[in-house]
Each structure stands twice: as C-alpha cells, then as structure tokens.
Amino acid sequence: MTRKASNKVMTAQEAVKRFVHDGATVGMGGQSIGRCAMAVTHEIVRQGIKDLTLVGCNLSMSMDILVGAGLAKRTECGTGNLERFGTTFRWRKAIEDRTLEVEDYSHLAMASRFLAGSLGLPFMPSKSMLGTDILNKQIANGSDAFRVIDNPWDLDEPVVLLPACKPDVSIIHAQKADQMGNIIIEGFTTQEPEMVKASSSVIVSCEELISSDEVRRHPDRTTVPYIFVDAVVVQPWGSFPTSTYGHYEHDPEHLRRYQACARPGGEAYEEYLREFIYECENFDEHLDRAISSARREELRASMQKLL
Amino acid sequence: MAEAYSLDELMVVEASRHISDWDTVMVGTGLPMVASLFALKNHAPNMCYVVETGGIAPEILGTPSSVTDARVMYRAVRHGSLLDALGGVLQRGLADVAFLGGAQIDQFANVNSTVIGDYNSPKVRFPGSGGANDLASHAKKVLIITRHEKRRFPERCDFITSPGYIDGPDGRKRAGLTSPYPDIFVITDLAVMAIDKSTGRLRVEALMPEVSLERVKENTGFELPDGDTEPVEPPTEAELRLLREEVDPGGEYLKTPE
C-alpha cells in the first residue's frame, strides 16, 4: 500500500504501538556498531511486544536486547555480532540453549531476499552458499527456505533460490527525514533501502527533521521516498551507543558496559535492562543516564574529524 | 636476542605479498585491513579497497573497529550498500582478492564461522557467515590469516560456512560455484599453506623463518603432504618502518616485538 503524504511525525511510543505487534517480523536497520535503531528498539522492549522474528544482514546490539529481554522467538540473518566489541552474547546463549529459532544466511543472501521483496518478486536467485552447510544442513533440517535448481538456460549450472523477505515492519535510524517520511541516509546504507521497500510498515527515527522543500530541492539525495514510510520519530542520538555517520561516533564505553552485562546475563543483565530501558520513560531519559553532555560533545567532535 | 619483528608483523607483510597492484580487494577490519593497507602503501598503489558496507576506494584513517566505522569511509568514491559491494562487485565477479577468518579451517580450506559441535545442538555458537561465504564463493583469490593451532585445523570443519575446495579438486565446480578454481592461501605464524589444485587440499608452500615442516605438521589436525617448501622472506627494515610508522602507528592492531 502506498502511504500518503500526511504528517507522520510521532513519538516512538506511538509509532511502536501502532506498527509493531506481537508475532511481527521486524526488519532491523543498521549494522554492527553503526546506525542501529536503538530508540525504537528500547520502546519495543518497554511495551513488551513479543514473539518477534528479527531479520537483517548483520544483527547487532538492538537484536541482542530484544533477545535478551525475551521478546524474540526467531532470527533470520547473516551474522550476530558487534565486531571488535564481541559477539551478541544473549543471542549466542539463546541459540546454545535452543530457546531461539535461527535461520542462517550469508549477508548477500539476506540482501537478495530483501531485494526480491522490494521488487515485488517471490524469490531471488543467488550463487552464494552453494556446496556449504548453510544450504545442506538447513535443507536436511527440513527448511523450506533454500531451493537449488538448474539454471533454465544452462542445465549444468546450479542456482540457489531464496524466498523474498518482507518484514511486517522495519525499524531504522537515519540522518534526516521530513514530516512526510522521505528518508535520507548518509554514508553506508546496509540492506536498508531494499528492506524498507519490502516492508508492510516502516518506522524511521532521525537525527534531524528537515523541510519537505529541502527534500524537493535535492531529490537525488532521497534514499527512500515517503510512499514507503509510516512513522517519523525525531530522535537525536537515536542510534546511541552505535554511531550515526556524520553526527557522532559509537561510544566504546557504553558498548563495553552493555557487553559486560550481556556476557554473563542473569542479574547483571536484568539490572542493565532495568536501569537503561524499563525505568526510562523515553530514550532521552536513557541518554541522560547513559552519557554526559561533555561526552556527547566528544563523540560529535570525533566524528567531525573523520569526515 | 629479541626478534626484530613480531609474528603478527610477519604474517601481515607476507599476506600483503599476495596482493598485486591494480587488484580489487574486499576487506573488513583487523589484520586483513592492515595487510591491505600495507600493500597499498608498499607495492600496490593502484589497489582498489572495497568494504562490505559499500565503501569503494576509501582512504582508511587510523584504526577502524568496524566496517561501519567512518574511518573506512573517508574520501571513498562512493558510499553504497551491502548489495552494491557483495552483489554488484563481488558476486558480479570483480573481486580479485578477499580476506576471510574463521574458527576452523579444514584440509580443503573450507571455513567454519558458525558453530562448534552439532549445528542443531551447538557447543559454541559463533557469529555466522556474514559476508564470508559470499567472499569465499566469488573471489578469485582468498587469503586467510590465522594463528597456527591444531584445533583450528581439523580434518573436517564441524560446519562448512564458507567453501574452500569442499571435498576435492572439482568440489567447487560440482557445487556450481562461479569461481571454481580460486587460489587460496592460509597465512599463519608457522607457514603459508596453499591449495594444491590437483588434489583440492592444502599443502605447505612456504615456511616462516626458523620453522620446520615437522613443526607445522605437529600443529595441524589434518595430514599435510611432504614436498618442497620455500622460506618466507622476513620483513625488511624498510617494510617494518612503513608498517609501524604509517600503517599502524598506534600499534592498535600489531604487537611489536617485546
């Protein structure tokens, strides 16, 4: 359904209430320690929306929090980790305890599934994963997600078919949006352009609300136009402690703090969720608890040096 | 006597020698990034660095901690998407060299970065493929830098995340991979192992300084054939200076000798 050009600005609370439901398949924006949709993720945790299937290429801290809070039943992704900051510990533990269903793909395979969804196609061919256990063991397990066929034009060539991935809702954090929901992502875009266009609903949080006149002056800069977008949440620092290119760097201090709680789990982890999510009315309150204004200035200045 | 260089420095300089000028190289972070930057500054000034996240030909700043770090995006000619990089460059067949890492590497150079133990009841779960499977599937040459420990080199990976030669010389061709006979090099602190295309198996091609073939065999969980080996040239003073002063000046990635 094409979304209208109405004013879509709302709070994270309202956006999550309207567009994220129990049992939803959620497309996760960002990658690793960059541009994860943390503000919207926190709101999903506060509202306790459960039985979620989380999909993306690299799933990172936002996914780990939803798994750690007991709200996810399944992931479909290429990786779970935060690169140099370690693995996604709650995810790893849930897989090892067999309390989470997982479907494994390569990054390109997931990006291809979103591409199929974004083009209104039922599947996408891929030449990745051939000859590996990503295919063989998951097919042996009865997964219906991977079909190997012969290229119809060259019967000697095996090709993998992957089903389109069409999230019920995608949550992403962008640098800019206008009130209509036109999105501008600067820097790397991960799988988000395809994922967003494949989704039934889209919530975007943004660092900066710009005017629609400004969007129309530079239409070539629009990453995703408003016809795909349902809610705009204006939330500076909305990807903290992951970075937003052009605005601020990731915060190693808070990332390590999270990982130090996520690794052991148990009381330490519950305490993290309580202090930084449940007890906070909104993401601004989280930011007030998690990072000083002096530190915010440092992370902004440090990003400016890299541009 | 203290070594003039560390094992990390030795591995990185050796890995860089497998990159030629004008190569398109797909790199993440960590030691592969250091090896690629070293190649760029030392002997491959026209190398094109491509980052999984979509950065094409950036100048790398300092010591990035992620493929999303702005340090891998500086002065790129384009910032794109995963689909651009992994689909439009890599699967398209334009990557000359790609770097991989993983928990296990077996005799056919298959790589496991998914799970130790049974997939359905894992002992230890690792992050998964990420772009690694894509890189191993499509690049013309694959480089793996890793410490040489027996447990990392089993006969067979618990789970094949990224394909080497799968099960023999024509394993990739049979599987339908578009790059059926790539060069694969495993660069460790003891040796350089390379795929022997007649068997599809790894053999020791070169030995690190003062390392014997016996010692490599003792530290490898699969059988390595006997055969001629070359000695790896240690890094020169000029190479070490470039590495320490320009590529990794803070020593963030590379330990220097004690």
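Letters go in sequence order (proteins before strands), and every chain restarts at 1. All values derive from a computational prediction rather than experimental measurement.
Around atom CZ of A:R300, more than 12 heavy atoms belonging to other residues, nucleotides or ligands sit under 6.0 Å away. The environment of B:K141 atom NZ is dense: over 12 non-hydrogen atoms of other residues, nucleotides or ligands sit within 6.0 angstrom. Enclosure of atom CZ in B:R244 by more than 12 non-hydrogen atoms of other residues, nucleotides or ligands within 6.0 angstrom is indicated.
Interface residue B:N120: backbone and side-chain heavy atoms are both found under 4.5 Å from chain A. Using a 4.5 Å cut-off between heavy atoms, A:E194 touches chain B through its side chain atoms alone. Neither the backbone nor the side chain of A:N58 comes within contact range of chain B; no heavy atom of the residue lies under 4.5 Å from a heavy atom of that chain. Contacts between B:S81 and chain A at a heavy-atom distance below 4.5 Å involve backbone atoms as well as side-chain atoms. Looking at A:F114, there are no atoms closer than 4.5 Å to chain B (heavy atoms on both sides), in backbone or side chain. The contact between A:S126 and chain B is made by backbone and side chain atoms together, counting heavy-atom distances below 4.5 Å. For a residue to count as touching a neighbouring chain, one of its non-hydrogen atoms must lie under 4.5 Å from one of that chain's; by this rule A:L307 touches chain B with the backbone only. Of the atoms belonging to A:M303, it is side-chain heavy atoms, and not backbone ones, that fall under 4.5 Å from chain B. For a residue to count as touching a neighbouring chain, one of its non-hydrogen atoms must lie under 4.5 Å from one of that chain's; by this rule B:K173 does not touch chain A. Proximity to chain B (any heavy atom under 4.5 Å) is restricted, for A:N141, to the side chain, taken from C-beta onward. Looking at B:V124, the atoms closer than 4.5 Å to chain A (heavy atoms on both sides) sit in the backbone and in the side chain alike. Contact annotation for B:R75: neither backbone nor side-chain heavy atoms come within less than 4.5 Å of a heavy atom of chain A.
Between A:D104 and B:Y119, the closest heavy-atom pair is OD2-OH, 2.6 Å. Closest non-hydrogen pair, A:W91 versus B:R125, comes out as CH2-NH2, 3.5 Å. Nearest heavy-atom pair, A:Y105 versus B:S129, reported as atom, atom and distance to 0.1 Å: O-CB, 3.8 Å. B:D134 and A:H107 get closest at one heavy-atom pair: OD2-N, 3.5 Å.
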Inset, instruction - Could you give me the CA-CA distance, side-chain angles and deciding distance for B:S66 and A:Q31, then say whether side chain to side chain contact (heavy atoms under 4.5 Å, CB included) is met? - result: CA-CA 9 Å; B:S66 159; A:Q31 173 167 356; over 6 Å; no
Inset, instruction - Take B:H79 and A:T189 through the test side chain to side chain contact (heavy atoms under 4.5 Å, CB included) and record every step on the way to the result. - result: CA-CA 8 Å; B:H79 290 161; A:T189 53; over 6 Å; no
Inset, instruction - Please step through salt bridge (charged side-chain N to carboxylate O under 4.0 Å, His left out) for the pair B:D158 and A:K137, ending with a clear verdict. - result: CA-CA 11 Å; B:D158 290 3; A:K137 293 211 172 162; over 6 Å; no
Inset, instruction - Let me see the working for A:S128 and B:H138 under side chain to side chain donor-acceptor pair (under 3.5 Å), right down to the final yes or no. - result: CA-CA 8 Å; A:S128 286; B:H138 307 300; 2.9 Å; yes
Legend entry - Verdict with supporting geometry, A:L108 and B:L83, side chain to side chain contact (heavy atoms under 4.5 Å, CB included): CA-CA 7 Å; A:L108 178 57; B:L83 200 61; 4.1 Å; yes
Legend entry - side chain to side chain contact (heavy atoms under 4.5 Å, CB included) between A:R98 and B:S121, intermediate numbers included: CA-CA 7 Å; A:R98 306 176 71 179; B:S121 50; 3.5 Å; yes
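Side-chain contact between B:F159 and A:T132 is absent, with no heavy atoms from C-beta onward closer than 4.5 Å.
Note that CD1 of A:I134 and OG1 of B:T114 are 5.5 Å apart. Values are rounded to the nearest 0.5 Å. Distance check: B:E52 CD to A:S32 OG gives 9.5 Å after rounding to the nearest 0.5 Å. Here the straight-line distance linking atom OG1 of B:T68 with atom CG of A:L82 works out to 9.5 Å at 0.5 Å rounding.
With respect to chain B, the highest number of heavy-atom pairs below 4.5 Å among A:C77, A:G131, A:P193, A:G187 belongs to A:G187. Of the listed residues (B:L90, B:T161, B:N133), the greatest number of heavy-atom pairs within a distance under 4.5 Å of chain A belongs to B:N133. The greatest number of non-hydrogen atom pairs below 4.5 Å with chain A, out of B:V72, B:L61, B:V67, is found for B:V67. Of the listed residues (A:T242, A:T87, A:T190), the greatest number of heavy-atom pairs within a distance under 4.5 Å of chain B belongs to A:T190. Most heavy-atom pairs under 4.5 Å with chain B: of the set A:N81, A:T88, A:L130, this distinction falls to A:L130. For chain B, the option among A:S106, A:C57, A:G34, A:A109 with the highest count of heavy-atom pairs below 4.5 Å is A:S106.
Near-neighbour residues of residues 152-167 of chain A relative to chain B, defined by a heavy atom under 4.5 Å from a heavy atom of that chain, comprise A:E157, A:P158. Within residues 243-260 of chain A, the residues that have a heavy atom under 4.5 Å from a heavy atom of chain B are A:S243, A:Y245, A:E249, A:H250, listed by number.
No donor-acceptor pair closer than 3.5 Å links the side chain of A:K127 to the backbone N or O of B:S179.
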